[in-house]
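Working notes, beginning with the structure itself.
Only a predicted model underlies this, so the values are computations on that prediction, with no experimental measurement involved. Residue numbers run from 1 in the order of the sequence given. Ligands are counted one by one from 1 in listed order, and the atoms in each one are counted from 1 as well.
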Amino acid sequence: MSEYKNPQSIKKYAVDNLGDWLSYGIDPEESVVFVQSHIPQHLELFIILSTLTPLGWLYRCPTFKEQISQLKDKDINTYSFLGYPILQASDIIMYDADFVPVGEDQLPHLELCREIIRRFHFIYGKDIFKEPKALLTKIPRLMGLDGRKMSKSYDNYIALCEDSKTLQEKVLSMFTDPARKRRNDPGHPDICIVFSYYSVFKADKKEAVRDWCIKAKKGCRECKSELAKILEDFIAPHREKKRGFLKRKNYMSDVLFEGDKKAGKVSEKALSKVRNILGI
Ligand code: SF4
């Protein structure tokens, strides 16, 4: 939505994302993987739901307000950006989802989806959609390198299969406790992004990190270098697998082709129900 001036960049994301997901264990035999823009039913449902969604609901979305204020170099004051949560709602509703795996920051969007469903049912007098619930993991939010929400738009993310050199550079650039200006200054790990990554990726080392931070036994650079190694060990096997998948171009195309076919059938069925209710 924010890349409308550079649309060519979007196409490559589909294969790249598929490589990431396969390398982390998504099995296309069990999960339907498809390219949303190949299924035009999503857009039709998006338009139908757009007609009944009050603008006020969209303007109050915290992510819209936040990104407008953060992405000052991009003109994203557009309908596609404002209406993006409706497209997300279409993506969910289309497949009758019981649960949606989301990060904590996406909870308002899911709530909006539930409100849109209720409004649809109220206006047309028929309850046909399920109200989906959030599926949060034990770590519902992982902050970006600079302490803001992690986002491609903010360029403050670590990619699932980040290359080794970039990973190292990114970890070394992470924001830390500003009180630790000098090596001997004691730190406050609970407000440090680096520490939050230790909590997720090396929980058994958390207390040791807390100790060396509070007592200034190690400097931030050393602390980050150790984290970079931990993340490298975590990511390296996935990166290798992804490389393997990306070489299998026919297999990758087949996965998306089959996924598109399956998703197309399900979405057409769902949309037919909607068209019947609307009498169109
Ligand atoms: S020592 Fe580690 S946890 Fe403490 S402020 Fe520095 S980077 Fe953060």
Side-chain angles (χ1 to χ4, degrees), residues 2 16-17 19-21 23-25 62-63 65-74 101-109 134-243:
S2 60
D16 195 63
N17 284 346
D20 282 339
W21 296 347
S23 75
Y24 274 82
T63 42
K65 286 189 236 163
E66 182 195 303
Q67 299 216 322
I68 288 282
S69 72
Q70 296 283 332
L71 295 173
K72 291 214 163 56
D73 53 329
K74 285 186 182 165
V102 284
E104 213 171 40
D105 59 305
Q106 288 292 314
L107 288 176
H109 286 196
L135 198 62
L136 294 169
T137 61
K138 269 191 272 172
I139 300 114
R141 186 189 288 246
L142 197 58
M143 300 313 285
L145 305 169
D146 54 6
R148 291 184 294 173
K149 179 182 103 152
M150 189 185 281
S151 163
K152 266 210 164 101
S153 312
Y154 297 164
D155 195 20
N156 65 352
Y157 65 95
I158 294 177
L160 286 171
C161 293
E162 196 71 82
D163 74 79
S164 206
K165 187 168 167 281
T166 314
L167 176 65
Q168 174 87 8
E169 286 165 4
K170 284 188 173 179
V171 174
L172 290 181
S173 76
M174 278 167 114
F175 280 25
T176 60
D177 172 12
R180 284 208 82 186
K181 288 194 181 66
R182 287 176 300 264
R183 168 73 178 72
N184 295 336
D185 291 331
H188 306 86
D190 291 320
I191 59 162
C192 176
I193 305 299
V194 177
F195 184 69
S196 69
Y197 276 68
Y198 271 103
S199 310
V200 175
F201 292 97
K202 197 74 181 165
D204 57 353
K205 203 164 179 177
K206 213 173 131 187
E207 289 317 309
V209 178
R210 183 185 292 285
D211 186 63
W212 78 46
C213 179
I214 291 172
K215 295 178 184 160
K217 290 181 188 165
K218 284 191 187 184
C220 290
R221 193 178 167 88
E222 201 182 339
C223 185
K224 288 178 184 178
S225 295
E226 289 195 26
L227 176 66
K229 274 191 218 122
I230 292 165
L231 293 182
E232 171 62 19
D233 288 347
F234 179 80
I235 289 176
H238 300 290
R239 189 191 298 134
E240 208 39 53
K241 277 190 200 164
K242 180 176 176 180
R243 235 175 249 145

Check Asp146 with Arg148, please: is the shortest side-chain N to carboxylate O separation under 4.0 Å?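 Yes, charged N to carboxylate O under 4.0 Å.
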Glu240 with Arg243: basic N within carboxylate O range, under 4.0 Å: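 Result for this pair is yes, salt bridge flagged.
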Give me the residue, atom name and distance of the protein heavy atom closest to [atom].
| atom | result |
| --- | --- |
| atom 1 (S) of ligand 1 | Arg180 NH1, 3.0 Å |
| atom 6 (Fe) of ligand 1 | Cys220 SG, 2.3 Å |
| atom 2 (Fe) of ligand 1 | Cys223 SG, 2.4 Å |
| atom 7 (S) of ligand 1 | Thr176 CG2, 3.6 Å |
| atom 4 (Fe) of ligand 1 | Cys213 SG, 2.3 Å |

Closer than 3.5 angstrom, by distance alone: can the side chain of Asn156 be matched with the main-chain N or O of Lys149 as a donor-acceptor pair?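 Looks like yes, one N/O pair under 3.5 Å.
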Are the side chain of Tyr197 and the backbone of Met143 linked by a donor-acceptor contact shorter than 3.5 Å?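 Side chain of Tyr197 to backbone of Met143, a donor-acceptor pair under 3.5 Å: yes, one is there.
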For atom 4 (Fe) of ligand 1, does an N/O/S atom of Cys192 lie at less than 2.8 Å?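 No N, O or S atom of Cys192 is closer than 2.8 Å to atom 4 (Fe) of ligand 1, so no.
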For Asp177, counting its heavy atoms only, list the atoms of ligand 1 lying under 4.0 Å from any of them.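 Within the 4.0 Å cut-off of Asp177, ligand 1 contributes 5 (S).
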Using a strict 4.0 Å cut-off to heavy atoms of Val194, name the atoms of ligand 1 that fall inside it.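 In order of number, 7 (S).
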Just how far is it from atom CZ of Arg141 to atom CD of Gln106, taken to the nearest 0.5 Å?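 One finds 10.0 Å between CZ of Arg141 and CD of Gln106.
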Of all the heavy atoms in Gly187, does at least one lie under 4.0 Å from an atom in ligand 1?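 Distance cut 4.0 Å: Gly187 fails for ligand 1.
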Does the side chain of Pro186 come within less than 4.5 Å of Ile214's, by heavy atoms?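 SC-SC contact between Ile214 and Pro186 ruled out.
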Row check, Tyr157 ring normal vs Lys170 NZ/CZ: under 6.0 Å, within 45°: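 Yes.
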